[in-house]
Protein chains: 2
Amino acid sequence: MPRTINLNAKIQQLRFFLHRERRLPTYREMLDLFGYRSTNAVAGLVHKLVALGYILQDNEGHMAPTRKLAGVVKLLGAVQAGFPSPAEEELADVLSLDEYLIRRPESTYLLTVNGDSMIEAGIHPGDIVLVEKGVAPRNGQIVVAQVDGEWTLKYYMKDRAGVRLDPANRNYRFIRPRQSLTIGGIVRGVIRRYE
Amino acid sequence: MPRTINLNAKIQQLRFFLHRERRLPTYREMLDLFGYRSTNAVAGLVHKLVALGYILQDNEGHMAPTRKLAGVVKLLGAVQAGFPSPAEEELADVLSLDEYLIRRPESTYLLTVNGDSMIEAGIHPGDIVLVEKGVAPRNGQIVVAQVDGEWTLKYYMKDRAGVRLDPANRNYRFIRPRQSLTIGGIVRGVIRRYE
DNA sequence: ATTTTAGTTGAACATTTGTTCAGTTATGGG
DNA sequence: CCCATAACTGAACAAATGTTCAACTAAAAT
């Protein structure tokens with residue numbers, strides 16, 4: 001058998017370059033990056049990476065990273081299952097949080113949560129909610145709403161008597177808008193960062 | 001004064017191309033994209049976008065998108081403040097959730113939460129935790145730990161008697177590892193997606 | 001109406017791009 | 001040890017890349 005190369009190391013180097021420069025290296029840049037002396041060696045490597053689904057290449061030869069390469073975090077199983085062995089880990093799906101959480105980037109916004117009105121739904125003060133504008137809310141969805149002049153986060157509920165906004169906090173009561181109701185958007189996700 | 005162009009529309013088109021092709025268009029591709037007939041017009045536009053901080057360009061002319069261009073969601077203020085006017089919105093910071101949540105991509109993993117042992121900390125079953133491996137836990141941090149063979153999510157607490165793992169649920173008691181304790185990683189963030 | 005000037009055109013330029021070819025090297029398996 | 005073959009070298013190629021120049025346009029301001 002002929003010699004075999006360590007692909008994973010090179011993929012890791014590519015990820016580094018990609019996250020630093022925000023683009024894929026050119027063939028000549030890969031020369032330096034991988035220590036090759038011929039662009040043909042690079043061509044062979046790129047061919048392999050295309051076949052493995054790390055790189056896309058159009059008819060003109062323009063390279064673009066796939067999610068598999070540009071993705072940021074490895075999606076493992078459940079907490080109960082713990083961490084898999086390094087060998088199994090290679091098979092883990094690579095994910096981009098942006099793609100996972102945001103379907104319509106042009107109409108999605110981030111807002112910081114202040115109150116504790118949704119705390120029983122796991123939305124705490126300081127959390128960040130992903131709000132999508134311009135979608136009609138359905139019953140049970142969490143919305144950012146302006147009720148009688150004030151913006152809040154509540155469950156949206158429409159019944160025979162009209163719209164009712166429910167908090168997820170036993171200390172608060174539901175609200176029925178008296179004067180005005182504006183639905184800013186619906187909450188598509190929540191993120192929280194720990195120090 | 002001479003004529004002025006609508007930059008925002010073009011930036012939006014660039015964002016579209018970028019998220020579809022995972023790379024910036026070349027000058028010739030921008031010809032079609034923007035309806036120009038001279039690459040010099042493109043050069044002028046690119047120059048402007050570089051000056052405004054949307055595009056980076058190295059000495060060889062390679063273009064790379066900045067976070068301002070590649071970012072996905074607009075970061076507004078607090079929920080209480082509601083949604084700003086479209087004019088103010090232009091000034092909003094654009095953010096990538098990947099960059100916001102993940103500091104060390106190579107050692108960060110996603111795990112799905114099963115139990116309700118951390119529910120009072122706002123971590124519900126079905127949520128996804130971002131776990132960073134290879135960092136020593138500090139008191140009060142949430143960790144993924146294997147205690148006597150079983151993986152769980154708990155607060156990490158080290159006192160004179162040794163390590164104690166506290167749940168965020170009044171129905172459960174803290175744990176002191178009898179046989180073995182493995183810290184898989186510390187929880188850096190939580191994400192939740194609504195349907 | 002005139003001036004001003006950013007925006008645009010069209011064409012040409014030197015480089016750099018990914019590709020290709022024939023030949024060489026290195027390495028694991030028989 | 002020797003063989004088979006993937007990996008690599010070195011060099012050359014056409015095509016595509018970003019850049020540059022002088023000339024022209026068009027719209028806002030006076």
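Excluded from the calculations below are hydrogen atoms, water molecules and symmetry mates; all remaining heavy atoms, backbone and side chain alike, are included. Each chain gets a letter, A, B and so on, in the order its sequence line appears, and its residues count up from 1.
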Q: Quick one: A/Leu45 CG to D/dC8 P, roughly how many Å, whole number?
A: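 In whole Å, D/dC8 P lies 8 Å from A/Leu45 CG.
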
Q: Atom CG of B/Leu49 to atom P of C/dA6: distance rounded to whole Å?
A: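 For the pair B/Leu49 CG and C/dA6 P, the rounded distance is 17 Å.
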
Q: Take atom CZ of B/Arg37 and atom P of C/dA12, then tell me their distance rounded to the nearest Å.
A: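 Rounded to the whole Å, the gap is 17 Å.
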
Q: Holding to side chain to side chain contact (heavy atoms under 4.5 Å, CB included), I want the full list of residues that pass it with B/Phe16, two or more places apart in sequence or in another chain.
A: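 B/Phe16 satisfies side chain to side chain contact (heavy atoms under 4.5 Å, CB included) with no residue once adjacent residues are dropped.
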
Q: Kindly give the cluster partners of A/Leu14, where membership spreads through any ILVMFWY side chain lying under 4.5 Å from a current member.
A: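 Other cluster members: A/Ile5, A/Leu7, A/Ile11, A/Phe17, A/Leu18, A/Leu24, A/Tyr27, A/Met30, A/Leu31, A/Leu33, A/Phe34, A/Tyr36, A/Val42, A/Leu45, A/Val46, A/Leu49, A/Val50, A/Leu52, A/Tyr54, A/Ile55, A/Met63, A/Leu69.
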
Q: How long is the line joining CG of A/Asn40 and C1' of D/dG10, in whole Å?
A: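 Answer to the nearest Å: 10 Å.
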
Q: Looking at A/Glu99 and B/Arg193, is any side-chain nitrogen of the basic one under 4.0 Å from a carboxylate oxygen of the acidic one?
A: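 Not counted as a salt bridge, because no side-chain N and carboxylate O are separated by less than 4.0 Å.
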
Q: Rounded to whole angstrom units, what separation is found between the CZ atom of A/Arg23 and the P atom of C/dT16?
A: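 About 13 Å, once rounded to whole Å.
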
Q: Would you indicate whether the side-chain heavy atoms of B/Lys74 and A/Thr108 approach each other to under 4.5 Å?
A: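 No - every pair of side-chain heavy atoms lies 4.5 Å or more apart.
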
Q: Name the residue closer to the 5' end of DNA chain D, choosing between A/Thr39 and A/Lys48 according to the nucleotide with the nearest heavy atom.
A: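 Nearer the 5' end of the strand: A/Lys48.
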
Q: Output yes when A/Glu29 and A/Arg23 qualify as a salt bridge under the 4.0 Å nitrogen-oxygen rule, no when they do not.
A: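 Salt bridge present between A/Glu29 and A/Arg23.
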
Q: Is the shortest side-chain N/O distance from B/His47 to OP1 or OP2 of D/dT19 below 4.0 Å?
A: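 False: B/His47 side-chain N/O out of range (4.0 Å or more) of D/dT19 OP1/OP2.
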
Q: How many Å lie between CD on B/Gln57 and P on D/dT17, as a whole number?
A: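 Taking CD of B/Gln57 and P of D/dT17, I get 14 Å after rounding.
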
Q: Does anything in residues 26-36 of chain A reach DNA chain C, meaning a heavy atom under 4.0 Å, and if so which residues?
A: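 Heavy-atom contacts with DNA chain C come from A/Thr26, A/Tyr27, A/Arg28.
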
Q: Could you list the residues that satisfy side chain to side chain contact (heavy atoms under 4.5 Å, CB included) with B/Asp148, not counting sequence neighbours?
A: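 Partners of B/Asp148 by the side chain to side chain contact (heavy atoms under 4.5 Å, CB included) criterion, ordered by chain and then number, come out as B/Arg178, B/Gln179, B/Ser180.
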
Q: Going by an N to O cut-off under 4.0 Å, is there a salt bridge joining A/Arg37 and A/Asp32?
A: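 A salt bridge is absent here (no side-chain N lies under 4.0 Å from a carboxylate O).
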
Q: Specify the angle, to 10°, made by the local axes at the two ends of the helix from C/dA1-D/dT30 to C/dG30-D/dC1 when five pairs are taken at each end.
A: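 Taking five pairs per end, the axes differ by 50°.
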
Q: Between B/Asp159 and B/Arg176, is there a side-chain N and carboxylate O pair less than 4.0 Å apart?
A: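 Salt bridge flag = yes for B/Arg176 with B/Asp159.
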
Q: Below 4.5 Å, heavy atoms only, C-beta onward: do A/Leu153 and A/Val187 meet side chain to side chain?
A: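 A side-chain contact under 4.5 Å exists here.
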
Q: Contact list please: residues 5-15 of chain A against DNA chain C, heavy atoms, distance less than 4.0 Å, in numerical order.
A: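 Residues of residues 5-15 of chain A under 4.0 Å from DNA chain C: none.
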
Q: To the nearest Å, how far apart are B/Asp58 CG and C/dT17 C1'?
A: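 Taking atom C1' of C/dT17 as the reference, CG of B/Asp58 is at 14 Å.
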
Q: Starting at atom CD1 of B/Ile55, determine the distance to atom P of D/dT19, rounded to an integer number of angstrom.
A: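 After rounding, the gap between these two atoms is 11 Å.
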
Q: Would you mind reporting whether B/Val94 and B/Val72 have side-chain heavy atoms less than 4.5 Å apart?
A: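 With C-beta onward as the side chain, the pair stays apart.
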
Q: In sequence, state the C-alpha distance, the side-chain angles, and the governing distance for B/Phe174 and B/Lys154, and then conclude on side chain to side chain contact (heavy atoms under 4.5 Å, CB included).
A: CA-CA 9 Å; B/Phe174 66 85; B/Lys154 294 283 188 306; over 6 Å; no

